[in-house]
Amino acid sequence: ARVHELLRRRQQTHGMDVESNFTVFRLHAFSLMMLGEDLDLVQRATRRRLLVARWEDRQDDVALLALMDASIQLIRGQPADALLSLGLIDVSPPESVRIWCEVVRAAALVLNGDLVHAAAAIERIDAVSVDWGRGGFGAVRDTVCALFDAASRRPFEAASRAERVFEHAQRTMPILIPVLLRLQLQS
């Protein structure tokens, strides 16, 4: 409720499309994505900014905005579009963005049914410490691995992994809870 109040107040005075502070825009966009709300608004604003960043050749902004767009596509269950968005990144982004790109890429590949390339992407994110990203990365990585297990027709492994990561995700990455519950039910 507090997040909603803060976001709504800022949107009333500035709006997502014309928010001048890129850091504030990013935080608001990621918050709305985590809440699963106003995705159309966030995607339109993200794509407008992505166009401008590409035109002005601001590659760090392009990488971050492409990641945001890919994440929205993944939330909407459109993994092929998520992969297209990630394909807009021309240069190697900063490590923090690169790691999240690999996570989104791995999840999109799994959901797209490309398990061979998904396994390679998962191998790359396996090299990242579970404590990275303020301790929430382990839950994210294990969720992607559980998706991979489910797609690989290993339902018991998927359910077991989802159950193991559930408590950790509650503390560090609550956005993963619906995915973990679906994995447990489906498996």
Side-chain angles (χ1 to χ4, degrees), residues 10-11 14-134 136-145 147-148 151 173 175-176 179:
R10 182 74 181 197
Q11 284 178 357
H14 289 72
M16 288 292 283
D17 287 333
V18 293
E19 173 61 61
S20 58
N21 186 325
F22 186 62
T23 301
V24 171
F25 168 79
R26 252 187 16 234
L27 293 172
H28 284 197
F30 281 126
S31 297
L32 288 169
M33 289 164 53
M34 286 193 292
L35 294 170
E37 295 182 6
D38 294 332
L39 291 179
D40 288 335
L41 171 71
V42 174
Q43 187 171 39
R44 275 193 314 272
T46 300
R47 288 185 170 180
R48 283 187 188 112
R49 288 174 185 270
L50 180 57
L51 257 154
V52 171
R54 288 189 76 191
W55 179 260
E56 294 176 353
D57 198 29
R58 295 189 328 256
Q59 292 302 315
D60 285 350
D61 290 350
V62 168
L64 191 57
L65 291 162
L67 173 61
M68 290 170 65
D69 190 61
S71 299
I72 293 169
Q73 297 299 339
L74 204 55
I75 291 167
R76 291 186 159 166
Q78 299 170 328
D81 291 339
L83 293 169
L84 287 173
S85 294
L86 291 175
L88 296 173
I89 302 171
D90 291 334
V91 297
S92 182
E95 182 184 24
S96 59
V97 175
R98 182 186 53 76
I99 291 169
W100 288 117
C101 286
E102 285 300 327
V103 168
V104 171
R105 183 182 331 285
L109 289 166
V110 168
L111 295 176
N112 213 29
D114 186 350
L115 299 183
V116 171
H117 289 104
I122 288 171
E123 200 171 292
R124 288 189 295 274
I125 62 174
D126 270 343
V128 178
S129 167
V130 295
D131 295 327
W132 186 83
R134 296 186 183 158
F137 188 73
V140 172
R141 183 175 62 203
D142 285 344
T143 301
V144 173
C145 290
L147 285 170
F148 183 82
M173 284 286 190
I175 190 173
L176 298 174
V179 173

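Positions are given from 1 along the sequence.
Taking CD1 of Ile72 as the start and CE of Met68 as the end, the distance is 6.5 Å to the nearest 0.5 Å. Atom CG of Leu65 is separated from atom CZ of Arg48 by 13.0 Å, given to the nearest 0.5 angstrom. In this structure, Thr46 OG1 and Leu67 CG are separated by 10.5 Å, a value rounded to the nearest 0.5 Å. Rounding to the nearest 0.5 Å gives a distance of 8.0 Å between CG of Leu83 and CG of Asp114.
Ring geometry for Trp100 versus Phe137: interplanar angle over 60°, hence perpendicular rather than tilted (30 to 60°).
The shortest non-hydrogen separation linking Ala106 to Ile125 is CB-CD1, 4.5 Å. In this structure, Thr143 and Ala139 approach most closely via the heavy-atom pair OG1-O, 2.7 Å. The minimum heavy-atom distance linking Ser85 with Asp69 is given by the pair OG-OD2, 2.5 Å. For the pair Pro93 and Ile89, the tightest heavy-atom approach, listed with the atom from each and the gap, is CD-CG2, 4.1 Å. Nearest approach of Phe25 to Ala45, heavy atoms of both residues: CE1-CB, 3.6 Å. A pairwise comparison of heavy atoms in Leu86 and Cys101 identifies CD1-O, 3.8 Å as the closest pair.
Contact of the Phe22 side chain with the Arg58 side chain is not registered, since no non-hydrogen atoms from C-beta on lie closer than 4.5 Å. Contact check for Glu56 versus Val62: no side-chain heavy atoms found under the 4.5 Å cut-off. Counting heavy atoms from C-beta on, the side chains of Arg47 and Leu51 never come closer than 4.5 Å. Using a 4.5 Å heavy-atom cutoff, the side chains of His117 and Arg105 are not in contact.
Paired with Pro94 under the rule side chain to side chain contact (heavy atoms under 4.5 Å, CB included), one option of Ile99, Leu64, Asp60 passes, and it is Asp60. The side chain to side chain contact (heavy atoms under 4.5 Å, CB included) with Gln78 is formed by just one residue from the set Asp81, Leu74, Ile75; it is Asp81.
With salt bridges taken as basic N to acidic carboxylate O contacts below 4.0 Å, none links Asp61 and Arg49.
Asp57 and Gln59 are linked by a side-chain donor-acceptor pair at a separation below 3.5 angstrom, with hydrogens and angles left out of the test.
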